[in-house]
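FYI, side chains are in, hydrogens and waters are out, and symmetry mates aren't considered; it's all heavy atoms of this structure. Along the sequence shown, the residues carry numbers beginning at 1.
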Amino acid sequence: MQSTTASIQAVEAPANPRSRVIFASLIGTTVEFYDFYVYATAAVLVFPHLFFPTGNETTALLSSFAVFGAAMVARPLGAVFFGHLGDRRGRKTTLVGALLTMGIATFLIGLLPTYATVGWAAPALLVVLRLAQGFALGGEWSGAALVATENAPAGKRAVFGTFPQLGAPLGFIIANGLFLAIAALLPSGDPSRPSAAFLEWGWRIPFLFSAVMVVVGLWVRLNLVESAAFEKTVRRGRVTKLPLATVFRTHGKELVLGTFYMLATYVLFYLMTTFSLSYGRAAADGPVPGLGYDYTSFVLMMIVGVVFFGIFTLLSGPWADRWGRRRTLIWVTLAIAAFGLLWVPMLSAGFLGVMAWLILGFSLMGMTFGPMGALLPELFPANLRYTGSGISYNVSSILGAAVAPFIAVALWRAGEGSPFWVGVYLSMMAVLTLISLLLGTETKDVDIEA
């Protein structure tokens, strides 16, 4: 009798300690977002000079952003591939594969020859490796979110779901902090252009450093055991042979709603990180006027804003658990729509206005991004969750993140240096997200093991 009771308790006991769940979901997304931000920063600072020397600065920047956006196209493919594995083979092995793919691609970018050395083969290779980055991130986020939410205690799923989301601000700070340190060691006399040493070899260091972070992430991931929700799915014989076909057939509405839930989040995310770096560094009296800050000053200002990103990501979890994901996000999305209409007055108010813009934008980013770690997985049953949440998250990356920097630059040029239309674009995307939230239902009380 005692033996039987002990066996039942062993089955019912949590498979992973909470500290391991938190660290495993956090470290993986930190590595993934670090790799992504390293590319995003290089897309503004380095690649227009070394991989797209068109002779026109705006054209070179747009070409670099186009490659940046190409990764977003690969992300849904990664979501399908890794989602299939995650729903059929389990979360742990799939997460290890996604992390390795991202790490290897990022490391190889740091070894690429430039246009001056091999001509158009250089940007072609960059595109291939960028696609590999996007493919990997397509499988990483949903797996990390599932590790967090499927192992969360009752009533704390949104809190636990914020930890994989916290990888975004941490990855940003580490990536840009490293770029800042290298730029300080290899200073440039021209604030609009990196130094010759930075362009020759300094930019490669953050990409090569990715290997160290991947090793740490792999060590943590390999010490995980499979989630209880997936194990229960296996025991019940509910593993789906073709998760992709099944999720489209049975949960098409949830796929569409989840995609539009993320739209405003993605647009805000990439406007505040990628576009803002271009706008902040552009000369105030240039052909397309910007704010005129040097690289170091503006990135330090961004890092202050990203600290608020991290703080409000964590705060959003308890709010979403208390008030519900839908109610929390409706209010945050309304605030994002209003924020888009305040760009010109805030950015015209000097240093304090720019800092207020960065802090407010990144705070809203934390409040909208945090609850997504619980909301998207809760839309789907356990046997389709990896595929469903991954597709919603990553298809939204095409509609939002893939085109946001490109559209923003075009609107910035159309406004002859004014960010007014860029802000309006953000507000319009927020309205679409708001409509989807109003059409959706609350998910905080769903059974995560069903």
Parallel, tilted or perpendicular: rings of [Y] and [X] (30°, 60°):
X      : Y      : answer
Phe312 : Phe308 : parallel
Phe380 : His251 : tilted
Phe298 : Tyr293 : tilted
Phe369 : Tyr393 : tilted
Phe275 : Tyr279 : parallel
Phe207 : Phe47  : tilted

Quick one: are [X] and [Y] in side-chain contact, heavy atoms under 4.5 Å?
X      : Y      : result
Met301 : Val354 : yes
Leu439 : Phe260 : no
Pro381 : Leu384 : yes
Leu376 : Leu379 : yes
Arg385 : Ser142 : no
Trp203 : Thr41  : no
Ile391 : Leu244 : yes
Tyr295 : Leu180 : yes

Minimum heavy-atom distance between [X] and [Y], given as atom pair plus value:
X      : Y      : value
Trp421 : Leu411 : O-CD1, 3.5 Å
Ser316 : Gly366 : OG-O, 3.7 Å
Leu131 : Ala74  : O-CB, 3.3 Å
Leu268 : Gly361 : CD2-O, 3.8 Å
Met302 : Phe172 : CE-CZ, 3.5 Å
Val267 : Met429 : CG2-CG, 3.7 Å

For this session: May I ask you to decide whether Glu140 forms a salt bridge with Arg75, counting only side-chain N to carboxylate O separations under 4.0 Å?
Result: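 Not counted as a salt bridge, because no side-chain N and carboxylate O are separated by less than 4.0 Å.
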
Exercise. If you measure from the Lys or Arg side-chain nitrogens to the Asp or Glu carboxylate oxygens, is any gap between Glu378 and Arg157 under 4.0 Å?
Worked result: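 A salt bridge links Glu378 with Arg157.
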
Exercise. Can you check side-chain contact (heavy atoms from CB on, under 4.5 Å) on Met272 and Trp357, steps first, answer last?
Worked result: CA-CA 9 Å; Met272 296 306 301; Trp357 176 74; 4.0 Å; yes

Has the side chain of [X] got a donor or acceptor atom that lies under 3.5 Å from a matching backbone atom of [Y]?
X      : Y      : answer
Ser436 : Thr433 : yes
Arg204 : Leu112 : yes
Arg91  : Gly86  : yes
Asn394 : Ala79  : no
Tyr34  : Pro206 : yes
Thr29  : Leu26  : yes
Ser195 : Ser188 : no
Trp323 : Trp319 : no
Tyr386 : Gly139 : yes
Glu442 : Arg325 : yes

Roughly how far apart are [X] [atom1] and [Y] [atom2], rounded to 0.5 Å?
X      : Y      : atom1 : atom2 : value
Trp412 : Ser418 : CH2   : OG    : 11.5 Å
Leu170 : Thr30  : CG    : OG1   : 4.5 Å
Phe198 : His49  : CZ    : NE2   : 10.0 Å
Met367 : Leu329 : CE    : CG    : 11.0 Å
Leu100 : Leu218 : CG    : CG    : 4.5 Å
Trp343 : Ser348 : CH2   : OG    : 12.5 Å

Exercise. If we ignore angles and hydrogens, is there a donor and acceptor under 3.5 Å between the side chains of Thr265 and Thr368?
Worked result: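 The criterion, which ignores hydrogens and geometry beyond distance, is satisfied for Thr368 and Thr265.
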
Problem set entry | Working for side-chain contact (heavy atoms from CB on, under 4.5 Å), residues Phe420 and Leu341 | CA-CA 8 Å; Phe420 173 76; Leu341 302 178; 5.7 Å; no

For this session: Verify side-chain contact (heavy atoms from CB on, under 4.5 Å) between Met102 and Phe135, making sure each step is shown before the conclusion.
Result: CA-CA 8 Å; Met102 173 66 91; Phe135 188 80; over 6 Å; no

Exercise. Which of these, Ile109, Thr101, Ile104, Val38, sits in a side chain to side chain contact (heavy atoms under 4.5 Å, CB included) with Gln133?
Worked result: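 Going through Ile109, Thr101, Ile104, Val38 one by one, the side chain to side chain contact (heavy atoms under 4.5 Å, CB included) with Gln133 is satisfied by Ile109 alone.
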
Problem set entry | Among Thr333, Leu257, Thr328, the one residue meeting side chain to side chain contact (heavy atoms under 4.5 Å, CB included) with Leu437 |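 It is Thr333, the one option of Thr333, Leu257, Thr328 that forms the side chain to side chain contact (heavy atoms under 4.5 Å, CB included) with Leu437.
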
Exercise. Think Arg130 forms a cation-pi with Tyr39, using NZ or CZ under 6.0 Å from the six-ring centre and within 45 degrees of its axis?
Worked result: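 Geometry flag: set, cation within 6.0 Å and 45°.
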
For this session: Start with the C-alpha distance between Tyr115 and Leu50, add both sets of side-chain angles, then the distance that settles side-chain contact (heavy atoms from CB on, under 4.5 Å), and finish with yes or no.
Result: CA-CA 6 Å; Tyr115 182 89; Leu50 299 184; over 6 Å; no

